[in-house]
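For reference, the structure is listed below as structure tokens.
Remember, it's 1-based here, ligands and their atoms both numbered in the order they're listed.
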Amino acid sequence: MRVGVIGLGFVGSSVASVWLRAGASVTGFDISEPRLNSIKQGNASEEAAVVEAFRSGLASGKLKLTSSEADLKDSEVKIICVPVYLRKGRADLSYLQEASGSVARSLKRGDAVIIHPSVPPGTTRKIVRPILESSGLEVGKDFALIYSPERIFVGHAVDDIENRYPTVVSGIDQRSLERGAEIFGKISKKGVVKMPSVEAAEMEKLVEGVYRDTNIALANELAMVCDELGVDFYAVREAANSQPYCHVHLPGFGVGGACIPVYPVFVSSSVSESATKLINLSRELNDSMAKYLASALKRKFGVDSGTKVGILGLAFRGDIADPRLSVTYKLVQELKGIGVESIIVHDPMIKSDPALGSMLTQNLEHVLERSDVCLLATDHTAYRKINWDAINRSTPLILIDGKGMLRGLSSPKVRLYGLGYGERSPGMREKAVQ
Ligand SMILES: NC(=O)c1ccc[n+]([C@@H]2O[C@H](COP(=O)([O-])OP(=O)(O)OC[C@H]3O[C@@H](n4cnc5c(N)ncnc54)[C@H](O)[C@@H]3O)[C@@H](O)[C@H]2O)c1
């Protein structure tokens, strides 16, 4: 099979490598020359399986990298993997529209076009289809139009596509659906889930994110309730989740990443305001956690302009180098809002970030030794391995665990508090029950 992949970012490079591993010839098209050069230099991804598939694809000639859309003509399956961002509360579909234009100009009879990015329901039919049909070809009759959301996580995307989940597939008509099922049947060991419409498949992906955002909001609220009651939320959660119908998520200082905080907005901006009360409230609650923490720090620990604050973690999830929409940006902003002037962020995997608005370092010792207060924002494995007793300091560090990962810690060098820690919470809530 000859496959064209449009957009070679995290999703596109993972998708391209899966098709290479399945024996397909792949044309990888990206508008960014720096990205293409970086791929050629062996930096396609953090994932070894992707790097290796690209290396052997380039060596064997099975992979062609290009910034010329004319090169997409050869491929019979064209897969769009460009991003759809959230801008000013709505989905920015400009990259998808541009990429659809490139596909339209290289479309021929018999092709299948697959749309991967997560989008507001209706996008494939109302936005992408007319652009593709501007080629003069008719969907259903001349080419297949398939929507299939990517269900992958940074760090193990290839395994996700090949082994972990069934692929959700939809088609603009029955023939497109069957063609999509046949195509994905070649790479997905867990098979395919055929959806009744493209809108249903678009919504399915968003629902995965909404479920998690809403569940995290519930966990945040329950953690704050437990703190007020002086009850250990984590012990409660573990016991409650031992019952098979209970799946309470973990609380935190907010929700980051390119997906979970974004998809609820794709849903709410697609329907009337009153239709998404719980979804909106969950988003609001999760977004307010950083402000809540900052005001608790000010009230309970007297954090002010003279306090040196360290933040452990910039990545939105542990053990990855991806800071997209990380809660740490909000923490920095809220700390500045209460007057804090000295903030240092540590991340073991991210070396620089001009958007952060504070100093970023990889020197963990320095942050632990010079800070008065440290906030643990990301569950990097490196933070589990810290030898707290060995920190060189004369007064204990006030350490606020936002991930519930240091609960067993006891060290004279640390005064440990945590969201959901109950009696060892930072006293974030005034006691209501006396
Ligand atoms: N990142 C994730 O974990 C994840 C998981 C599942 C789904 N998704 C979805 O996939 C989409 C893509 O995400 P990503 O993480 O790969 O983005 P990314 O920013 O890593 O990569 C996008 C790539 O597309 C290229 N590009 C932009 N416009 C183009 C065009 N018109 N033609 C060709 N190339 C173009 C860019 O140069 C870039 O290399 C997201 O919007 C999201 O909806 C992402």
Which atoms of ligand 1 are found less than 4.0 Å from any heavy atom of [X]?
X	result
Arg35	39 (O)
Ala99	31 (N)
Ser32	37 (O)
Ile6	32 (N), 33 (C)
Gly7	24 (O), 25 (C), 33 (C), 34 (N)
Ile152	5 (C)
Arg324	1 (N), 15 (O)
Val11	4 (C), 8 (N), 10 (O), 12 (C), 13 (O), 14 (P), 16 (O), 44 (C)

Can you check whether Val139 reaches Asp173 side chain to side chain, under 4.5 Å on heavy atoms?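 No. Closest side-chain heavy atoms not under 4.5 Å.
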Side-chain donor or acceptor of [X] paired with backbone N/O of [Y] under 3.5 Å:
X	Y	answer
His380	Asp319	yes
Glu76	Val3	no
Ser188	Gly191	yes
Ser282	Ala217	no
Asn241	Val248	yes
Asp92	Arg87	no
Lys190	Glu162	no

Going by heavy-atom distance to atom 30 (C) of ligand 1, choose the closest among Val262, Leu36, Leu96, Val82. Val82
Given Phe29, Phe266, Tyr95, identify the one with the heavy atom nearest to atom 33 (C) of ligand 1.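 Considering heavy atoms of Phe29, Phe266, Tyr95, the nearest to atom 33 (C) of ligand 1 sits in Phe29.
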Looking only at protein heavy atoms, identify the closest one to [atom] and say how far it is in Å.
atom	answer
atom 20 (O) of ligand 1	Phe10 N, 3.0 Å
atom 41 (O) of ligand 1	Val84 N, 2.8 Å
atom 23 (C) of ligand 1	Gly9 N, 3.5 Å
atom 6 (C) of ligand 1	Glu150 O, 3.4 Å
atom 22 (C) of ligand 1	Pro83 CD, 3.3 Å

Is there at least one pair of N or O atoms, one from Ser118 and one from ligand 1, spaced under 3.5 Å apart?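 Right, the criterion is met.
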If you measure every N or O of Asp30 against every N or O of ligand 1, does any of those distances drop under 3.5 Å? yes
Does Glu204 pair with Arg151 as a salt bridge, N-O distance under 4.0 Å?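 Yes, Glu204 and Arg151 are salt-bridged.
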Taking only residues two or more places apart in sequence, or in another chain, which ones meet Tyr95 in a ring-ring contact (aromatic ring centres under 6.0 Å, His included)?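 Partners of Tyr95 under the ring-ring contact (aromatic ring centres under 6.0 Å, His included) test: Tyr85.
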Under the rule for ring-ring contact (aromatic ring centres under 6.0 Å, His included), what residues qualify as partners of Tyr165, not counting sequence neighbours? none
Residue-level breakdown please: for [X] versus ligand 1, do any non-hydrogen atoms fall below 4.0 Å on the side chain, on the backbone, on both, or on neither?
X	result
Ser102	neither
Ala258	neither
Tyr85	side chain

In this structure, is the centre-to-centre distance between the rings of Tyr211 and His249 below 6.0 Å?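 Yes.
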Looking at ligand 1, would Lys205 count as a contact under a 4.0 Å heavy-atom criterion?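 Flag set, Lys205 near ligand 1.
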Decide whether Asn220 and Tyr292 meet the rule of one side-chain donor and one side-chain acceptor closer than 3.5 Å. no
